[in-house]
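Just below is one structure, and these are the notes that go with it.
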Amino acid sequence: MAYLSRVRQIRTEQGTDPVSDYDFDLITIGAGSGGVRASRLAASFGAKVAVIEEMREGGTCVLRGCVPKKLFVYGSHFGHDLEDGAGYGWSADNVRHDWPKMIAAKEKELDRLHGIYVNLLENAGATRIHGRGTVVDAHTVAVGDKRYTAEKILIAVGGWPSIPESVEGKEHVITSNEALELPERPDRIVIVGSGFIAVEFAGIFNSFGSETHLVYRADKVLRGFDEDVRNTLTEELTKKGMHLHSGVLPDRIEKVGDAYKVHMNDGSVIEADQVMYATGRHPNTKGLGLAEAGVELDRNGAIKVNEWSQTSVPSIFAVGDVTNRINLTPVAIAEGHCFAETQFNNNPRQADHSDVPSAVFSQPPIGTVGLTEAEAREIYGAIDVYVAGFRPMKYTLTDNPERGMQKLIVDRASDRVVGAHMVGLDAPEIIQGIGIAIKAGATKAEFDATIGIHPTAAEEFVTMRTKRPDPEERQAAE
Ligand code: NDP
């Protein structure tokens, strides 16, 4: 029997059941990855749960992020695969891509996934409420003119793309939300930003054949990533024919007929059919009534929580991007899961935010886990660095000049591998496994003792033997 149902049964038998004054044990606002995991689990433990969603159940990842984005990445790759196939003797004539057909197929898949999310909630016994939920007080949520009360409230409303206020003509630009629903593919696109979303969408449009301009204020793409990752990706994007504009930003976007002129702050102008901003996302807390209810927010509007995902109001909790901890779907799911176990299954659990592997589905893709070289140097001082460049075997018979990079960072004192990074074919799939080794505290000696699988790119991670000369030690020796 589910935990809470059993507790209630015992209390009824013993005559100690306090009749709940609340409509629900839990009200969740937001049916994305974190909210749905928490709600269906809490319901399966016997809690009376309501889930409020103003759009469709599924959230950013399923409907406006990871899933449709990855489908587009796959879709855009087929063109290259056909070109590469020529090196293996294939010829494909009259190859065309039908953009509206892909959009329709993607929509069908999203409908299917939305249905799965609805079923998950309904099968667990949760009540679905459609509308915008706002917090009234520590135990009350409003949806339109209706009021619902709950012992606990979970905020899981995610984030939303943000565009800098200062951009003149910002009404002309799209974000990743609209980029996934364009009725036709732009022949020319300007993408502003160089984070996860910017480089992923630049790869997609470039591979589908759009003239793609990436415009960003830094000197290289992907600030915050390991420098070798940044250098390799910047080089590979250029090789793929993308136009990289570093150290500049648009001042003004001018609509000219059906197209746009993007006026840059260095005086240059880029003409495009779409302008997309991928300049970060902000937590969706505006107008939710949180501050009025006493829930503390940080200066970016993210909900401040403790390690139990509990806010400054003890009965209100928050998980996922709205808390701006690590903004990744599996992290939101872990936070939601731990919340439900702790609050509704008498099984206290905290989400572990250390050594979280992640991927960027750029072209070529990136997989990364643990510390960057700069972070490891800061934390451990003496480190050993192993780096290898490689040309994927798949491309040896082709004209494809794409190259990859693999890197291991080792704490010299303990021999523990504290960071692994890869750019190249299958990097996200490979790094998931390396993530287990790093989480388990594997040493470089244990990596070396592992037999490689030949021929793969992954085997490089267990065959790297040559340390890169330490820059400071090299300098001291000179
Ligand atoms: P990121 O934080 O990754 O990147 C934001 C980009 O916008 C950076 O290049 C940043 O520049 C730039 N930027 C920020 N503010 C301004 C400004 N005022 N003017 C000009 N440029 C600006 O955000 P994304 O929107 O790409 O992604 C949001 C989050 O979503 C990610 O951090 C990630 O957590 C998640 N995500 C994960 C994915 C995955 O797992 N594969 C895929 C997509 C998103 P600078 O570097 O100079 O600061």
Side-chain angles (χ1 to χ4, degrees), residues 32-34 59-74 158-168 170 173-180 190-204 213-227 229-230 233-234 237 244-253 262 264-266 275-284 300 302 320-335 353 356-369 372 422-423 427-429 431-432 435:
S33 303
T60 301
C61 178
V62 172
L63 302 173
R64 292 173 294 279
C66 331
V67 172
K69 177 275 309 287
K70 184 113 190 247
L71 293 174
F72 277 25
V73 171
Y74 281 133
W160 200 251
S162 59
I163 303 171
E165 281 303 325
S166 57
V167 181
E168 198 185 323
K170 65 186 274 195
V173 313
I174 60 168
T175 67
S176 53
N177 290 348
E178 296 79 28
L180 291 164
V190 168
I191 299 178
V192 184
S194 61
F196 280 76
I197 296 180
V199 298
E200 289 183 341
F201 278 80
I204 289 167
H213 296 263
L214 197 59
V215 170
Y216 49 97
R217 61 188 180 185
D219 58 337
K220 296 174 236 188
V221 299
L222 290 179
R223 194 197 295 274
F225 280 69
D226 186 273
E227 285 300 301
V229 170
R230 299 182 72 193
L233 191 71
T234 304
L237 296 184
L244 303 191
H245 307 263
S246 59
V248 286
L249 281 181
D251 270 341
R252 180 163 67 94
I253 291 128
V262 182
M264 314 292 286
N265 59 5
D266 65 351
V275 182
M276 171 178 158
Y277 266 70
T279 45
R281 297 171 61 85
H282 63 259
N284 250 338
N300 297 317
D321 288 7
V322 76
T323 62
N324 198 20
R325 284 176 277 183
I326 298 179
N327 298 333
L328 297 173
T329 298
V331 174
I333 290 173
E335 290 165 359
H353 292 92
V356 173
S358 69
V360 184
F361 295 96
S362 46
Q363 300 184 26
I366 295 167
T368 173
V369 58
T372 65
M422 177 172 177
V423 183
E429 305 290 344
I431 285 291
Q432 180 69 81

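Ligands are counted one by one from 1 in listed order, and the atoms in each one are counted from 1 as well.
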Verify side chain to side chain contact (heavy atoms under 4.5 Å, CB included) between I431 and T368, making sure each step is shown before the conclusion. CA-CA 6 Å; I431 285 291; T368 173; 5.6 Å; no
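- For K69, the side-chain hydrogen bond (donor to acceptor under 3.5 Å, both in side chains) partners two or more places apart in sequence, or in a different chain, are E200.
- Residues with a heavy atom under 4.0 Å from ligand 1: K69, P164, G193, S194, G195, F196, I197, E200, R217, R223, L249, A278, T279, G280, R281, N327, L328, A359, F361.
- Side-chain contact check for N327 versus N324: some heavy-atom pair is nearer than 4.5 Å.
- Contact annotation: the side chain of F361 never approaches that of Y74 to less than 4.5 Å [non-hydrogen atoms, C-beta and beyond].
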Would you check, one step at a time, whether the test side chain to side chain contact (heavy atoms under 4.5 Å, CB included) holds for H213 with V262? CA-CA 11 Å; H213 296 263; V262 182; over 6 Å; no
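- Atom CD of E429 is surrounded by 12 or fewer heavy atoms from other residues, nucleotides or ligands within 6.0 Å.
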